[in-house]
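To start, the structure itself, in structure tokens.
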Amino acid sequence: MTHILAIAGSPSHPSRTYGILEYTAKLLGQEGLHVDIISARDLPAEDLVFGRYDSPALEQPKALLAKADAAIISTPIYKASYTGVLKAFLDLLPQKSFSGKVILPIATGGTIAHLLAIEYALKPVLSELGARHILGTIYAVDKQIQWQSDGSIQLDEEIDQRLKEVLKELVKAVKYSAAESQHLAHAN
């Protein structure tokens with residue numbers, strides 16, 4: 001079974017960023033993919049702040065990432081960059097944690113002016129962690145994400161369509177990667 005790890009980088013909950021991850025997980029579940037969602041904000045603050053690489057609280061997130069075929073990184077943009085809680089979490093991951101994985105960055109922000117924050121702030125860190133197959137970023141302005149009465153979110157039509165298109169790419173990429181891995185295993 002294909003596993004995907006969705007990492008929420010918002011320091012608050014509920015958040016639009018987390019809502020997009022839940023919606024994304026639902027869409028991927030309909031494609032038969034298993035998605036685990038973790039939130040960086042739920043890790044012990046002391047471990048994040050003091051850089052405790054050996055924290056027992058990091059064992060499960062690291063294990064989920066190790067078995068994941070893809071990772072979705074979701075963050076709000078504050079002060080033209082991704083969140084500090086996400087950075088603290090990423091800093092605690094082993095070197096090359098994203099190697100061989102398909103990566104989908106998703107960001108939210110109050111204005112379109114911070115659209116490129118993912119390009120110049122987050123993608124270099126993801127690359128340093130071994131990410132080589134980074135899909136096109138989804139960036140949604142807050143007004144494009146509406147809260148529903150049941151606590152879920154609804155995306156405006158344009159963002160919803162773009163998200164569904166990039167998720168098709170994600171599904172195709174992880175299925176191709178899985179097929180290629182099986183082929184290599186049989187060849188050996």
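What you are looking at is a predicted structure, and each value in this text was computed from that prediction instead of being measured.
With Ile118 as the partner, the side chain to side chain contact (heavy atoms under 4.5 Å, CB included) test is satisfied by one option alone out of Ile77, Ile73, Ile138: Ile77.
Hydrophobic cluster membership differs between Tyr78 and Tyr82, with clusters built from Ile, Leu, Val, Met, Phe, Trp and Tyr side chains linked at under 4.5 angstrom. Cluster annotation: Ile103 and Leu93 are assigned to the same hydrophobic cluster (Ile/Leu/Val/Met/Phe/Trp/Tyr, side-chain heavy-atom contacts under 4.5 Å, transitive). With hydrophobic clusters built from ILVMFWY side chains whose heavy atoms lie under 4.5 angstrom apart, Ile7 does not share a cluster with Leu33. Each of Ile37 and Phe89 belongs to its own hydrophobic cluster when Ile, Leu, Val, Met, Phe, Trp and Tyr are linked at side-chain heavy-atom distances under 4.5 angstrom. Both Ile72 and Val102 are assigned to one and the same hydrophobic cluster, defined by single-linkage of ILVMFWY side chains at heavy-atom distances under 4.5 Å.
By the 4.5 Å heavy-atom criterion applied to side chains, Arg16 and Asp142 are counted as neighbours. When side chains are defined from C-beta on, Ile134 counts as touching Ser127, because their heavy atoms get closer than 4.5 Å. Between Ser81 and Tyr120, the closest side-chain pair of non-hydrogen atoms is not below 4.5 Å. A 4.5 Å side-chain heavy-atom check between Tyr53 and Leu58 finds every atom pair outside the cut-off. Contact annotation: the side chain of Val85 never approaches that of Thr75 to less than 4.5 Å [non-hydrogen atoms, C-beta and beyond]. Under the 4.5 Å side-chain criterion, counting only non-hydrogen atoms from C-beta, Leu116 is not in contact with Tyr139. Under the 4.5 Å side-chain criterion, counting only non-hydrogen atoms from C-beta, Leu155 is in contact with Leu163. Counting heavy atoms from C-beta on, the side chains of Leu170 and Leu28 come closer than 4.5 Å.
Across every non-hydrogen atom of Pro14 and Trp147, the tightest pair is CB-CH2, 3.9 Å. The nearest pair of heavy atoms linking Glu119 to Lys123 is OE2-NZ, 2.9 Å. Pro105 and Leu122 get closest at one heavy-atom pair: CB-CD2, 4.4 Å. Pairing each heavy atom of Ser15 with each of Ser12, the nearest pair is CB-O, 3.5 Å. Residue Pro94 comes nearest to Leu129 through the heavy atom pair O-CD2, 3.7 Å, listed as atom of the first residue, atom of the second, then distance. Pairing each heavy atom of Ala71 with each of Phe98, the nearest pair is CB-CE2, 3.9 Å.
In Glu165, the CD atom is crowded: over 12 heavy atoms of neighbouring residues, nucleotides or ligands sit closer than 6.0 Å. Taking a 6.0 Å sphere around NZ of Lys26, one finds it holds 12 or fewer heavy atoms contributed by other residues, nucleotides or ligands.
The closest donor-acceptor contact from the side chain of Thr83 to the backbone of Gly9 lies under 3.5 Å. For the pair Gln60 (side chain) and Ala57 (backbone), a donor-acceptor distance under 3.5 Å is absent. For Ser152 (side chain) and Gln148 (main-chain N/O), no donor-acceptor pair under 3.5 Å exists by modelled atom type.
Within the model, atoms OG1 of Thr137 and CG of Leu115 stand 8.0 Å from one another, a figure rounded to the nearest 0.5 Å. Rounded to the nearest 0.5 Å, atoms CD1 (Ile153) and CD1 (Ile20) are 5.0 Å apart. Here the straight-line distance linking atom CD of Gln95 with atom CD of Glu128 works out to 5.0 Å at 0.5 Å rounding. Atom CD of Gln144 is separated from atom CD1 of Ile159 by 4.0 Å, given to the nearest 0.5 angstrom. For the atom pair Ile112 CD1 and Lys143 NZ, the distance stands at 9.0 Å (nearest 0.5 Å). Distance check, rounded to the nearest 0.5 Å: NE2 of His34 to CG of Leu5 gives 9.5 Å.
Take Glu157 and apply the side chain to side chain donor-acceptor pair (under 3.5 Å) test, not counting sequence neighbours, and it matches no residue.
Listed by first and then second residue, the salt bridge (Lys or Arg N to Asp or Glu O under 4.0 Å) pairs involving residues 32-50 are Asp47-Arg52 (not counting sequence neighbours). The salt bridge (Lys or Arg N to Asp or Glu O under 4.0 Å) pairs that include a residue from residues 82-106 are Lys87-Asp91, where partners are two or more places apart or lie in different chains.
Inspection of the Thr17 and Ser74 side chains reveals no N or O donor paired with an N or O acceptor under 3.5 Å.
For Arg162 and Glu158, the salt-bridge test passes: some basic side-chain N is under 4.0 Å from an acidic carboxylate O.
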